[in-house]
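First comes the structure, then the notes that go with it.
Residues take their numbers from the sequence shown, with the count starting at 1.
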Amino acid sequence: KNGQTDDSVTTQANDVETDEAKEEEVEEEASVVSVPYVIVGGGTAAFFAVKGIRERDPNAKILIITNEKFLPYARTPLSKELWFRDHSKAEGENDLRFQDWQKRERDVFYRKPSFYMPLKEMLASEEGGVSVLTEKVVTDLDIYTKSLELHDGGVVLFEKCLLATGGQPKQLEMLHEDPKVEERVVYYRTIEDFQRLLKASKEGKRIAIVGGGFLGSELAVSLAHMSKNYGGDVVQVFPEQANMAQVLPKYLANWATKKVQSEGATVLPESRLTGAVYKPDSDRVTMLINDSDMMETDYIVVAIGLDINTRLADSAGLELDPVKGGILVNSELEARRDIWVAGDAASFYDISLGRRREEHHDHAAVSGRLAGENMAGARRPYFHQSMFWSDLGADAGYEAIGIIDSSLPTVSVWAAATDADTPRAATQSDSVRAGDETAEAQDAATTSVPADAQAQETQTPEVQSTTDPEAQPQDENKFGKGVVFYLRDNRVVGVVLWNVFHKIPIARRVIREAKTINDPAELVKVFKLHEE
């Protein structure tokens, strides 16, 4: 495999016999399989890649290799809806069914186990199929021999490979100095993390969340909801001035903090974790905040972002993005001939906004599917402007698209909200949130910003325009629903739809058209905030 040769003087026949014996020995000691398609990673991008491959190659034989023990599943419910179900009705810890905000039955798993085939059965089938190797770590990728090595010595030969390796939660070294402290730390990412935290919550434990971004804020609301039924309490700690302060304008970040607090969580902004010590007398961990304040907790949940898994790509000689992180790919999501990348790990070029890397469900689903199609010969470019969403419970949430950065100047349009303006309304059957693949379909259906938008708007919304990210509306209680436009060089580069749903296709079109905005009132015409 590494091009090494035997320099001993032997006959050619002996060489052949020795090589054949070695090959037989390898096959006996470690499984060697050959597949047309292999996917490294078992998340959303991997599952949707399967769909893309099979659309063009119905009899494809596809092998998914994942280091998790579970079949492909969606991560988004792990911080949202799963916490709001009736946990007394769960049929065992691996029963991960839940109801969405519309009370419809869902499951975190994309398909039932019967959808997948045992590897040998899949390889022997003329009709192909999908097989999953769980709890397997790929230790080496050779892009020249088109082979993967596994941690247990197994070898997978392939024709086409997709790297959907995602990332691992960023860690805090201070929490690993004492094994007793380390036992109480949860880096929240997987089903196993959910199960562990669920058990602690049911036992009425105190849970401290480190991180004020999307995940940390969603978990604070979800765990606070659990504490109302099981006791215990939830504390959220982060260095910023308010929840999601790195992405939301100050007034919205402040509103989000009040929302988290109203759900029952204690929020400690401008607070940095600087140490942690296990106390045997209380069987708790004492957290040191800002080098001075102390707080006891049973568990520490860390939600401070992802470190992208690029080890495999780096060792294989693939080019990494030194600025955005991830693996550099071309417009067809190809990193090298017959090697594709999708999901969190892909650093791609956005024709509207430049080089980007995204860590959201919609991007994982659409890029995974496109990569799968291209593996099967489609040769389609990736130009999808992905969206993401965040919910603070069932009654407040937002959808967003583009560059969402609180340091950018913003223009916002606001109106009074109604009872229908909640995340519940966003889980209709034609919504990406509902698990349907409608992001591209919705975009195609919206070919341009409505020309008659001004005529359609029957009332005049409040408009907040500022180039100062610190500025706040005069009365933030009036802002029940609205749209926040993020500007760069007087062009819209990002949009937050606050308690406004099913408008992402319009927002996507506004960004793609890249029009110069001279008058903020122009943006008022685009979104009908007063629809009955």
Would you find a donor on one side and an acceptor on the other, under 3.5 Å apart, between the side chain of [X] and the backbone of [Y]?
| X | Y | result |
| --- | --- | --- |
| Asn309 | Thr165 | yes |
| Asn290 | Ser292 | no |
| Gln236 | Gly211 | yes |
| Ser227 | Ala224 | yes |
| Thr66 | Gly41 | no |
| Tyr187 | Leu172 | yes |
| Tyr398 | Phe501 | no |

Smallest separation among heavy atoms of [X] and [Y], with atom names:
| X | Y | value |
| --- | --- | --- |
| Gly343 | Ser367 | N-OG, 3.0 Å |
| Gly325 | Ser347 | O-CB, 3.7 Å |
| Tyr486 | Ile403 | CB-O, 3.7 Å |
| Val484 | Pro249 | CG1-CG, 3.9 Å |
| Pro269 | Gln241 | CB-O, 3.4 Å |
| Leu150 | Val138 | CD2-CG2, 3.8 Å |

Could you walk me through whether Ile62 and Ile39 satisfy the side-chain contact (heavy atoms from CB on, under 4.5 Å) test, starting with their C-alpha distance in whole Å, then the side-chain angles of each, then the deciding distance to 0.1 Å, before giving a yes or no? CA-CA 8 Å; Ile62 308 167; Ile39 300 172; 3.9 Å; yes
Scan for side chain to side chain donor-acceptor pair (under 3.5 Å) pairs involving residues 271-280, sequence neighbours excluded, and state none if there are none. Thr274-Asp291, Tyr278-Asp283
Distance-only donor-acceptor check, side chains [X] and [Y], under 3.5 Å:
| X | Y | answer |
| --- | --- | --- |
| Asp86 | Ser88 | yes |
| Tyr110 | Thr44 | yes |
| Asp362 | His384 | yes |
| Asn243 | Ser217 | yes |

Not counting sequence neighbours, which residues clear side-chain contact (heavy atoms from CB on, under 4.5 Å) with [X]? List them please.
| X | result |
| --- | --- |
| Lys170 | Ile304, Asp307 |
| Glu358 | Phe348, Arg356, His360, His363, Ser386 |
| Glu105 | Arg97, Gln99 |
| Thr297 | Arg206, Ala208, Val285, Met287, Ile300 |

State, yes or no, whether a side-chain contact exists between [X] and [Y] at a heavy-atom distance under 4.5 Å.
| X | Y | result |
| --- | --- | --- |
| Leu328 | Leu320 | no |
| Tyr382 | Val329 | no |
| Asp178 | Glu182 | no |
| Leu175 | Leu273 | yes |
| Ile207 | Val235 | no |
| Leu163 | Ile339 | yes |
| Val50 | Ile64 | yes |
| Leu487 | Leu408 | no |

Between [Y] and [X], is the closest basic N to carboxylate O distance under 4.0 Å?
| X | Y | value |
| --- | --- | --- |
| Lys324 | Asp350 | no |
| Glu263 | Lys228 | yes |
| Glu192 | Arg196 | no |

Should Glu68 and Thr134 be marked as a side chain to side chain donor-acceptor pair (under 3.5 Å) after you check the CA-CA gap, both sets of side-chain angles, and the distance that decides it? CA-CA 6 Å; Glu68 294 195 49; Thr134 58; over 6 Å; no
How would you list, by chain and number, every residue that makes a side-chain hydrogen bond (donor to acceptor under 3.5 Å, both in side chains) with [X], sequence neighbours excluded?
| X | value |
| --- | --- |
| Gln171 | His176 |
| Ser201 | none |
| Gln195 | Asn94 |
| Asp193 | Thr190 |

Output, in order, the C-alpha distance, side-chain angles, deciding distance and verdict of side-chain contact (heavy atoms from CB on, under 4.5 Å) for Ile191 and Phe109. CA-CA 10 Å; Ile191 287 176; Phe109 295 104; 3.8 Å; yes
Set of salt bridge (Lys or Arg N to Asp or Glu O under 4.0 Å) partners for Glu135, sequence neighbours left out: none
Quick one: do Glu93 and Lys199 satisfy side-chain contact (heavy atoms from CB on, under 4.5 Å)? Show the steps, please. CA-CA 10 Å; Glu93 67 172 2; Lys199 181 176 182 294; over 6 Å; no
Within a 6.0 Å radius of atom CD on Glu296, are there more than 12 heavy atoms belonging to other residues, nucleotides or ligands?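 Enclosed.
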Testing Asp321, Leu318, Leu333 for side chain to side chain contact (heavy atoms under 4.5 Å, CB included) with Ile327, which one passes?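 Filter result, single survivor: Leu318.
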Side chain to side chain donor-acceptor pair (under 3.5 Å) for Asp405 and Ser407? Distances and angles first, verdict last. CA-CA 5 Å; Asp405 183 342; Ser407 67; 2.9 Å; yes
So if I apply the salt bridge (charged side-chain N to carboxylate O under 4.0 Å, His left out) rule between Asp344 and each of Arg357, Arg75, Arg189, which one comes out positive?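 When Arg357, Arg75, Arg189 are each tested with Asp344, the salt bridge (charged side-chain N to carboxylate O under 4.0 Å, His left out) holds only for Arg189.
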Applying ring-ring contact (aromatic ring centres under 6.0 Å, His included), which residue pairs with at least one partner in residues 193-223 are found, sequence neighbours left out? Trp83-Phe194, Phe214-Phe388
Mind jotting down which residue pairs meet the ring-ring contact (aromatic ring centres under 6.0 Å, His included) criterion with at least one end in residues 216-248? Sequence neighbours excluded, please.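 ring-ring contact (aromatic ring centres under 6.0 Å, His included) check on residues 216-248 returns Phe84-His225.
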Under the criterion side chain to side chain donor-acceptor pair (under 3.5 Å), I'd like the reasoning laid out for Trp414 against Ser412: C-alpha separation, chi angles, the key distance, then a yes or no. CA-CA 7 Å; Trp414 296 94; Ser412 54; 2.9 Å; yes
Report the C-alpha distance between Thr76 and Trp389 in whole Å, list the side-chain angles of each, state the deciding distance to 0.1 Å, and finish with yes or no for side-chain contact (heavy atoms from CB on, under 4.5 Å). CA-CA 9 Å; Thr76 53; Trp389 70 91; 4.2 Å; yes
